[in-house]
Amino acid sequence: MSRFIDELKRTHRCGELRPSDIGREVVLFGWVAHRRDFGGCIFIDLRDRTGLAQIVFDPTYQVPAEVARMAGATGELAPQAALEASHRLAEQVRREWVLGIRGVVIHRGEGNVNPKLPTGEVEVRVVEAEVFNRAETPPFALEDSINTDEEVRLQYRYLDLRRAPLQRTLELRHRMNQATRAYLSQEGCLELETPVLCKYTPGGARNFLVPSRLSLGKFYALAESPQLFKQLFMVAGFDRYFQIVKCFRDEDLRLDRQPEFTQIDVELSFCNQDEVFALMEGLLFRIFEETGVADLRALYPEGRFPRMSFADSMDRFGNDKPDLRFGLELCDLTDLVIAENGGGIPLLQGVAEKFASGEYRREMPAAIVKALVIPAAAGFSRPQLEAFEKGLREIKGFAGLARAKVGEGGVWTQSPFAKHVTEAFRTAVHAALGAKEGDVVCFQVGKPAVVNAAMSKLRLDVGKAMKLIPEFGHGGVWKLLWVVNPPLFDYDDETGRYEPAHHAFTRPVDEHVPWLDSDPGRVLCYRYDLVLNGFEIGGGSIRLHDPEVQQKVFSVLGIEEAAAKQMFGFVLDALRSGAPPPGGIAIGMDRLAMLLSGAATLREVIPFPKTNQGVDMMSGAPVAIEARQLEELGIRSIVAEGGNETR
RNA sequence: GGGGUGGUAGUUAAGUCGGUUAUAACGCCGGCCUGUCACGCCGGAGGCCGCGGGUUCGAGUCCCGUCCACCCCGCCA
């Protein structure tokens, strides 16, 4: 039996105390953040999730008569005896011990106020105290700002989570969740649940598999998203659905990817793209508003986010998630190279000739030429410029970056192109790029995918180096946009086949449907991504509901009717049973939380995240399972104890 | 699968050209201290230098392998 739990009860949270509480008797519970022992007087910073309160143990303190008289105030000891006992207790106390204290709120006195704390004007004179629990010395300081290795922090995640920054982040997520539920519910969406244990379907992300004990030798897949089920809700007539849902993907991880993550999943019947956008724009306004992160309405007073075509985004930024917080746009010089027949530069002449001969098609080019101008104002040294190129080598297929410094009178220096380039071409390039003397022009020639990947990374690297964007976080700037109408299919060089760029149920742009037969690579679709500061925070599509077009899409993908039935049979059947035209979207809750909180990685906004290798440093999951237990599931492992394959 | 960075007291780091007993700060332990709030002062303990092998009279340092973490490419509709 604890007097503090059973009789006294907590009256305030530590971070709540203010001068208006002066004279009150309070009961606080919390953790010892700091202890400052002066022999006589002992100060302790008591911490809970709301903040710190300074509590003072002073054996000479005279307990005011009115406090001593308060109901239940004395306990078993006389007030003065309780005071002395609590001082002796405070001498033993160490950081992270868990205490309950009863005392009187007083003003700290002139000169003793700590302006750094919200509670800094007051302190609590302790009359009575109880140690709920001792604590081992933590392996790292539980302070707001630490630079302890993440590996250690993840191992003791429950301690890391005791720190204020992470507590604030998780509270932010709570508000995001609440705002989402309130808003979408108010917009007529029903919060409905979908299975986590699903049927495995090939294609897309790798699934985590779960063996079935009741059907030996068979497996469930953990849902990589509620995609198919949410469409079935539409078929069933639920009209508008949402869910804050965990998704699972067994793919390699990045700072913005975890094997299990949370989506705000939405699906609407009878909708077009504009309605999906409007609903999501409203959601984002609401989330920003209720988290107090920024006044998004002031930034987008028309109430909508800008839109950019996928083609434009690739053209100007080299990727499908442009970071609009800074300029440094890319410039496609392919047409100029063709017009100037390579401008005297042998490498470019080769490209121009292939276009001239018809070997390369301009609308689906096998090679492009792109440039980025690094302004003279950036003042990079030659080694710094070379470091940018080095950073691009990790991109598969990257063949090298050509540079030219614009010298006096526009002449190129420090460049392999300098001695070949014609003046006409140079002048035209400068005009196209807006390059001036002292600027450095970077070129890249090659396959569009490689050039775009490299140039988009170059743009970001240069932007960071020029301090146009911070290395991590948002820099207080919020640039949202929709990237719309990407190609319906990706062409796979290796298999020589088309694959769905999104999924097989995305609706093609109506005017492009005839190209499904003739030129599938050119077919664009009603897919959209929501991009915030260079991160894809959401994506979705308008779904195909025309069985004829669906059939054509399958045939482009080389999916026979039987195979389609095998893979998606229940969905195809459902779509023939009276399906409304639906569309939907999913917002990456973790990524959004990461950006809103200014966190550097997804791990900082997930309570118990996994490492890059998908390992939970705290529990050690995943772990090996005993052969006997596998036997029950009809499984035999071919991996030895140490983790190596045995054959 | 590939490329890069890192791994030294509990934590964060230093450790030169391979050379004596591996440093420092913080934390921890003991002592002193009644107005601190990163309290202060005095004293002390604390090391598988990630792990395994090799070179060498001698390895934290050089070589090979390996494990772990982080960042990136591939991959992730």
Side-chain angles (χ1 to χ4, degrees), chain A residues 33-46 52-61 87 94-95 108-117 119-120 123 136-156 201-207 224-225 227-228 247-259 261 390-398 449-450 453-454 457 460-461 471-472 486-490 494 499-506 525 527 529 536 539-541 557 586 588 600-601 603 610-613 615 617 642-644:
Chain A
H34 288 282
R35 190 180 71 115
R36 295 175 292 278
D37 184 348
F38 287 80
C41 185
I42 299 171
F43 297 94
I44 285 177
D45 292 334
L46 198 65
L52 296 179
Q54 174 163 282
I55 60 177
V56 191
F57 296 79
D58 181 353
T60 66
Y61 180 57
H87 182 266
R94 292 294 179 268
R95 52 169 65 192
R108 289 192 183 189
E110 288 307 314
N112 287 333
V113 168
N114 184 350
K116 284 185 263 179
L117 292 177
T119 60
E123 65 190 7
E136 286 174 13
T137 303
F140 51 90
L142 304 192
E143 284 158 13
D144 289 8
S145 175
I146 58 174
N147 62 342
T148 302
D149 209 81
E150 204 183 358
E151 197 175 342
V152 180
R153 290 168 46 200
L154 287 177
Q155 199 178 336
Y156 302 95
T201 49
R206 286 188 195 90
N207 291 103
E224 48 184 270
S225 80
Q227 184 60 47
L228 298 178
C247 303
F248 305 87
R249 293 177 194 176
D250 187 9
E251 293 293 347
D252 286 12
L253 306 175
R254 291 282 191 280
L255 68 82
D256 61 347
R257 290 192 219 153
Q258 281 276 304
F261 60 96
K390 193 177 168 214
L392 302 185
R393 293 212 190 107
E394 60 202 21
I395 286 160
K396 200 179 167 189
F398 176 71
V450 174
K457 182 162 166 44
L460 288 168
D461 289 348
E471 187 73 23
F472 297 114
L488 180 60
F489 304 106
D490 283 334
E494 280 172 33
E499 293 185 346
H502 181 41
H503 58 57
F505 304 104
T506 307
C525 64
R527 168 169 170 73
D529 283 338
E536 181 196 321
S541 62
L557 294 172
T601 73
R603 294 184 295 274
K610 312 270 192 295
T611 67
N612 256 351
Q613 292 306 308
V615 171
M617 292 299 284
N644 297 316

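Everything quoted here is computed from the prediction, not taken from an experiment. Residue numbering restarts at 1 for every chain, and letters A, B, ... go by the order of the sequence lines.
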A.B. asks: Describe the nucleic acid contact of A/Glu143 in one word from base, sugar-phosphate, nothing, applying a heavy-atom distance below 4.0 Å.
C.D. replies: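 Here A/Glu143 touches no strand at all.
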A.B. asks: For B/rA59 versus B/rC70, give the span between their P atoms, rounded off to a whole number of Å.
C.D. replies: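 Here B/rA59 and B/rC70 have their P atoms 33 Å from each other.
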A.B. asks: Both distances under 3.5 Å, Watson-Crick or G-U wobble: report the partner of B/rG43, or none.
C.D. replies: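 B/rG43 is paired, partner B/rC29.
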A.B. asks: For the side chain of A/Lys457, starting at C-beta, report the closest nucleotide among B/rC71, B/rC76, B/rC72.
C.D. replies: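 In terms of side-chain proximity for A/Lys457, the closest of B/rC71, B/rC76, B/rC72 is B/rC72.
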A.B. asks: Which of these nucleotides, B/rC33, B/rU34, B/rU36, is closest to any side-chain atom of A/Asp37?
C.D. replies: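 Selected nucleotide: B/rC33.
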A.B. asks: Is the phosphate of B/rG27 approached by A/Thr137 (side-chain N or O, under 4.0 Å from OP1 or OP2)?
C.D. replies: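 Looking at the OP1 and OP2 atoms of B/rG27, neither is under 4.0 Å from any side-chain N or O of A/Thr137.
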A.B. asks: Could you state the atom-to-atom distance from CD of A/Glu123 to P of B/rU34 in whole Å?
C.D. replies: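 Nearest whole value for this atom pair: 16 Å.
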A.B. asks: Would you please name every residue forming a side chain to side chain donor-acceptor pair (under 3.5 Å) with A/Thr60, sequence neighbours left out?
C.D. replies: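 Side chain to side chain donor-acceptor pair (under 3.5 Å) check on A/Thr60 returns A/Asp58.
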A.B. asks: Can you see which heavy atom on A/Ala454 is nearest to which on A/Leu392, and at what distance?
C.D. replies: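 Between these two residues, the closest heavy atoms are O-CD2, 3.4 Å.
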A.B. asks: In the structure shown, which nucleotide is the Watson-Crick or G-U wobble counterpart of B/rA69, with both distances under 3.5 Å?
C.D. replies: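 Paired with B/rU5.
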A.B. asks: Check whether any side-chain nitrogen or oxygen of A/Arg94 sits under 4.0 Å from OP1 or OP2 of B/rC29, and answer yes or no.
C.D. replies: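 For B/rC29, OP1/OP2 do have a side-chain N/O of A/Arg94 under 4.0 Å.
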A.B. asks: When rounded to the nearest Å, what value does the distance between C1' atoms of B/rC26 and B/rA9 take?
C.D. replies: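 Rounded to whole Å, the distance is 12 Å.
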A.B. asks: Please state how far atom CZ in A/Arg95 lies from atom C1' in B/rC29, giving the value in whole angstrom units.
C.D. replies: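 Those two atoms, CZ and C1', are 14 Å apart.
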A.B. asks: How far does the C1' atom of B/rU36 sit from the matching atom of B/rA14, given to the nearest Å?
C.D. replies: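 Roughly 33 Å separates the two C1' atoms.
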A.B. asks: Rounding to the closest angstrom, what is the interatomic distance between B/rU23 and B/rU8 at atom C1'?
C.D. replies: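 It comes out at 11 Å once rounded to the nearest Å.
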A.B. asks: Is the phosphate of B/rA38, meaning OP1 or OP2, less than 4.0 Å from a side-chain N or O of A/Lys116?
C.D. replies: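 Yes.
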A.B. asks: So what does A/Ser225 hit on the nucleic acid, given a heavy-atom distance under 4.0 Å: a base, only sugar-phosphate, or nothing?
C.D. replies: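 Since a base atom lies under 4.0 Å of A/Ser225, the category is base.
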A.B. asks: With sequence neighbours left out, what residues match A/Phe43 under ring pair (Phe, Tyr, Trp, His ring centres under 6.0 Å)?
C.D. replies: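 Here the qualifying residues are A/Phe38.
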A.B. asks: Salt bridge between A/Glu251 and A/Arg257, side-chain N to carboxylate O under 4.0 Å?
C.D. replies: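 So A/Glu251 does not pair with A/Arg257 through a salt bridge.
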A.B. asks: To the nearest angstrom, how far is A/Leu142 atom CG from B/rA38 atom P?
C.D. replies: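 Taking atom P of B/rA38 as the reference, CG of A/Leu142 is at 17 Å.
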A.B. asks: Both distances below 3.5 Å, Watson-Crick or wobble geometry, any strand: find the nucleotide opposite B/rG58.
C.D. replies: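 Across any shown strand, B/rG58 pairs with none.
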A.B. asks: Looking at A/Asn612, does any N or O in its side chain come under 4.0 Å of the phosphate oxygens OP1/OP2 on B/rC70?
C.D. replies: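 The answer is yes; a side-chain N or O of A/Asn612 sits under 4.0 Å from OP1 or OP2.
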A.B. asks: Is it the case that the base of B/rC75 and the side chain of A/Arg257 share a donor-acceptor contact (distance under 3.5 Å, atom types as modelled)?
C.D. replies: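 Per atom types, the contact qualifies.
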A.B. asks: State, to 0.1 Å, how close A/Cys525 and A/Pro487 come at their nearest heavy-atom pair, and which atoms those are.
C.D. replies: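 Looking at all heavy atoms of both residues, the closest pair is SG-O, 3.9 Å.
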A.B. asks: Find the distance A/Arg35:CZ to B/rU34:C1' and express it as a whole number of Å.
C.D. replies: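 Those two atoms, CZ and C1', are 14 Å apart.
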A.B. asks: Write down the distance separating the C1' atoms in B/rC63 and B/rA69, rounded off to the nearest Å.
C.D. replies: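 B/rC63 and B/rA69 have their C1' atoms separated by 24 Å.
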A.B. asks: In Å, rounded to the nearest 0.5 Å, how long is the span from CG of A/Asn114 to CD of A/Gln54?
C.D. replies: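 The CG atom of A/Asn114 sits 8.0 Å away from the CD atom of A/Gln54.
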A.B. asks: Using the P atom in both, what is the distance from B/rC57 to B/rG43, to the nearest Å?
C.D. replies: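 Between the two P atoms, the distance is 44 Å.
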A.B. asks: What residue among A/His34, A/Arg35, A/Arg36 forms side chain to side chain donor-acceptor pair (under 3.5 Å) with A/Asp45?
C.D. replies: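 It is A/Arg36, the one option of A/His34, A/Arg35, A/Arg36 that forms the side chain to side chain donor-acceptor pair (under 3.5 Å) with A/Asp45.
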A.B. asks: Scan nucleotides 6-13 of chain B against the protein and return all N/O pairs shorter than 3.5 Å with their distances rounded to 0.1 Å.
C.D. replies:
from, atom 1, to, atom 2, distance (Å)
B/rG10, O2', A/Pro139, O, 2.9
B/rU11, O4', A/Pro139, O, 3.3
B/rU11, O2', A/Thr148, OG1, 3.3
B/rU12, OP1, A/Asp149, N, 2.6
B/rU12, O2', A/Asn147, ND2, 3.4

A.B. asks: Are A/Asp529 and A/Arg527 close enough for a salt bridge, meaning some N to O gap below 4.0 Å?
C.D. replies: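 Salt bridge: yes.
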A.B. asks: Looking at side-chain heavy atoms only, is the closest gap between A/Ser541 and A/His503 below 4.5 Å?
C.D. replies: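 Result yes, sub-4.5 Å side-chain heavy-atom pair found.
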A.B. asks: Taking the side chain of A/Arg603 as heavy atoms from C-beta outward, which of B/rC37, B/rU34, B/rC71 is closest to it?
C.D. replies: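 Side chain of A/Arg603 sits closest to B/rC71.
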A.B. asks: Output the distance between atom CZ (A/Phe140) and atom CG (A/Asp149), rounded to the nearest 0.5 Å.
C.D. replies: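 A/Phe140 CZ to A/Asp149 CG: 11.0 Å, rounded to 0.5 Å.
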A.B. asks: Taking the nucleotide of RNA chain B with the closest heavy atom to each, which residue, A/Asn114 or A/Arg527, is nearer the 5' end?
C.D. replies: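 That would be A/Asn114.
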A.B. asks: At under 4.0 Å, does any side-chain N or O of A/Arg36 touch on OP1 or OP2 of B/rU36?
C.D. replies: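 No.
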A.B. asks: With a 3.5 Å limit on both atom pairs, tell me what B/rU34 is paired to, counting Watson-Crick and G-U wobble, or say none.
C.D. replies: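 No nucleotide pairs with B/rU34.
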A.B. asks: If pairing requires Watson-Crick or G-U wobble contacts with both distances under 3.5 Å, which nucleotide is the partner of B/rA22?
C.D. replies: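 In the structure as shown, B/rA22 has no Watson-Crick or wobble partner.
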A.B. asks: Taking the C1' atom of each, how far is B/rG10 from B/rU56, in whole Å?
C.D. replies: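 Nearest-Å result for B/rG10 against B/rU56 at atom C1': 35 Å.
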A.B. asks: Pick the nucleotide of RNA chain B nearest each of A/His502 and A/Asp252; which residue has the one closer to the 5' end?
C.D. replies: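 Per heavy-atom nearest nucleotide, the more 5' residue is A/Asp252.
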A.B. asks: In whole angstroms, how far is the P atom of B/rG40 from the CD1 atom of A/Ile42?
C.D. replies: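 That distance rounds to 17 Å.
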A.B. asks: Take the protein atom CZ of A/Phe57 and the nucleotide atom C1' of B/rU36, then report the distance between them rounded to whole Å.
C.D. replies: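 It works out to 14 Å between those atoms.
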A.B. asks: Would you mind reading off the distance between A/Leu255 atom CG and B/rC72 atom C1', rounded to a whole angstrom?
C.D. replies: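 Rounded to whole Å, this separation is 10 Å.
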A.B. asks: Measuring only the C1' atom in each nucleotide, how far is B/rG46 from B/rU16? A whole number of Å is fine.
C.D. replies: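 The same atom, C1', in both gives a distance of 27 Å.
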A.B. asks: Looking at B/rA38, I'd like to know if its phosphate oxygens (OP1 or OP2) sit under 4.0 Å from a side-chain N or O belonging to A/His34.
C.D. replies: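 Answer no for this pair, as no side-chain N or O of A/His34 is under 4.0 Å from OP1 or OP2.
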A.B. asks: Could you check how far CG of A/Leu253 sits from C1' of B/rA69, rounded to whole Å?
C.D. replies: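 Interatomic distance, CG of A/Leu253 to C1' of B/rA69: 13 Å.
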A.B. asks: Give A/Thr60 one of three labels, base, sugar-phosphate or nothing, depending on what nucleic acid heavy atoms sit under 4.0 Å from its own.
C.D. replies: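 Touches a base.
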A.B. asks: Does the base of B/rG74 carry an N or O that pairs as donor and acceptor with the side chain of A/Arg254 under 3.5 Å?
C.D. replies: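 Indeed, a donor on one side and an acceptor on the other fall under 3.5 Å apart.
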